[in-house]
Asks: 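Sending over a structure as structure tokens; questions will come in a sec.
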Amino acid sequence: MRVFVKNMRGQALIPCSQRKARLLLKQKKAKIVGYKPFTIQLCYATGEAKQEVTIGIDEGARHVGIAIVSQNKVLVKGEVELRQDVHSLLLTRAQYRRSRRYRKTRYRKARFLNRKKPEGWLPPSIRAKMNANFAWIDREPRRKPLPLGMGSRRGK
């Protein structure tokens, strides 16, 4: 596992190894600024070296795998469990809505064939999973102190 590093001004640098972080902390050249994820801040001026970072995503029905890689080194990897209750919650909501309508409109004409789905329409349960995937993709760079020149690659 890599340790995230910030320079004196708090900008993200390339993560270092745990051993290097221990040595910097022991020599008082760095201080701890966060524990989840473990992040240190350097107490001396350094260059602004940054590398291209790639986010790899493996989307699944129940789990989404996320990996952040830089020059064949894995910086962060993890797995996100998606919600599985969206479909049942939407069905429950629809049942309540229908029961309200039936109570109020006994003799109203049927109006269920007058609607068209817009172009690119997705069912709400699938849309919720897709939005959760994109939310994790967008959240990852902000949560982890990564270099600014960040590339993004969405896998299958």
Asks: Taking the side chain as every heavy atom from C-beta outward, state whether Phe38 and Ile32 have any pair of such atoms under 4.5 Å apart.
Replies: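 Yes, their side chains come closer than 4.5 Å.
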Asks: Taking atom CZ of Arg127 as the centre, report whether more than 12 heavy atoms of other residues, nucleotides or ligands fall under 6.0 Å from it.
Replies: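 Atom CZ in Arg127 is packed in, count exceeds 12.
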Asks: Starting from Val86 and following side-chain heavy-atom contacts under 4.5 Å between hydrophobic residues (I, L, V, M, F, W, Y), which residues can be reached?
Replies: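 The other cluster members (ILVMFWY side chains, heavy atoms under 4.5 Å, direct or chained) are Leu90.
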Asks: Which heavy atom of Ile57 sits nearest to which heavy atom of Glu59, and what is that distance?
Replies: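 Closest heavy-atom pair between Ile57 and Glu59: CG2-CG, 3.7 Å.
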Asks: Report the distance from atom SG of Cys16 to atom CG of Leu23, rounding to the nearest 0.5 Å.
Replies: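 Going from SG on Cys16 over to CG on Leu23, the span is 9.5 Å.
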Asks: Look up atom NZ in Lys117 and atom CD in Glu119, then write down how far apart they are to the nearest 0.5 Å.
Replies: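 Lys117 NZ to Glu119 CD: 13.5 Å, rounded to 0.5 Å.
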Asks: With sequence neighbours left out, write down each residue that passes side chain to side chain contact (heavy atoms under 4.5 Å, CB included) with Gln84, or none if nothing qualifies.
Replies: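 Partners of Gln84 by the side chain to side chain contact (heavy atoms under 4.5 Å, CB included) criterion, ordered by chain and then number, come out as Arg62, Leu82, Lys129.
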Asks: So does Asn7 get a backbone contact from the side chain of Gln41, meaning a donor-acceptor N/O pair under 3.5 Å?
Replies: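 Yes: the side chain of Gln41 pairs with the backbone of Asn7.
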Asks: Just wondering, do Lys6 and Gln11 contact through their side chains at under 4.5 Å, heavy atoms?
Replies: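 No, their side chains stay 4.5 Å or more apart.
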Asks: Roughly how far apart are Thr92 OG1 and Arg97 CZ, rounded to 0.5 Å?
Replies: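 Atom-to-atom, Thr92:OG1 and Arg97:CZ are 11.5 Å apart.
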Asks: Under the rule for side chain to side chain donor-acceptor pair (under 3.5 Å), what residues qualify as partners of Arg83, not counting sequence neighbours?
Replies: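 So Arg83 forms a side chain to side chain donor-acceptor pair (under 3.5 Å) with Asp85.
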Asks: Who are the side chain to side chain contact (heavy atoms under 4.5 Å, CB included) partners of Met8, not counting sequence neighbours?
Replies: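 In terms of side chain to side chain contact (heavy atoms under 4.5 Å, CB included), with neighbours along the sequence ignored, Met8 is linked to Ala45.
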Asks: For the residue pair Cys43 and Lys31, what are the closest heavy atoms and their distance?
Replies: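 Scanning both residues, the minimum pair turns out to be SG-N, 4.1 Å.
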Asks: Quick check for you: to the nearest 0.5 Å, what is the distance between Glu79 atom CD and His63 atom NE2?
Replies: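 NE2 of His63 is found 5.5 Å from CD of Glu79.
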Asks: Treating Ile, Leu, Val, Met, Phe, Trp and Tyr as nodes and any side-chain heavy-atom pair under 4.5 angstrom as an edge, say whether Val33 and Phe4 lie in one connected cluster.
Replies: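 No, separate clusters.
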Asks: Atom CZ in Arg2, atom CD1 in Ile68: separation rounded to 0.5 Å?
Replies: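 Interatomic distance, Arg2 CZ to Ile68 CD1, rounded to 0.5 Å: 13.0 Å.
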Asks: Do Leu13 and Thr46 come close enough that some side-chain heavy atom pair is under 4.5 Å?
Replies: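 In contact.
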Asks: Go through the structure and list residues passing side chain to side chain donor-acceptor pair (under 3.5 Å) with Arg19, not counting sequence neighbours.
Replies: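 Per chain and number, Arg19 pairs via side chain to side chain donor-acceptor pair (under 3.5 Å) with no residue.
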Asks: Which atom pair, heavy atoms only, marks the closest approach of Trp121 to Pro124?
Replies: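 Of all heavy-atom pairs spanning Trp121 and Pro124, the closest is CZ2-CD, 4.2 Å.
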Asks: Yes or no on side-chain contact (heavy atoms from CB on, under 4.5 Å) for Val80 and Ile66, after CA distance, side-chain angles and deciding distance?
Replies: CA-CA 8 Å; Val80 178; Ile66 299 174; 3.9 Å; yes
Asks: Work out which heavy atom in Val3 is nearest to a heavy atom in Ser17; give both atom names and the distance.
Replies: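 Smallest heavy-atom distance, with atoms named: CG2-O, 4.2 Å.
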Asks: Would you call Ile40 and Leu25 a side-chain contact if the rule is heavy atoms closer than 4.5 Å?
Replies: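 Side-chain contact under 4.5 Å: yes.
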Asks: Is Met130 reachable from Val64 through a run of I, L, V, M, F, W or Y residues, each pair having side-chain heavy atoms under 4.5 Å apart?
Replies: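 Result: yes, single cluster for both.
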Asks: Under the side chain to side chain contact (heavy atoms under 4.5 Å, CB included) rule, collect the residues that match up with Lys29, sequence neighbours excluded.
Replies: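 Lys29 satisfies side chain to side chain contact (heavy atoms under 4.5 Å, CB included) with Leu24, Gln27, Tyr44 once adjacent residues are dropped.
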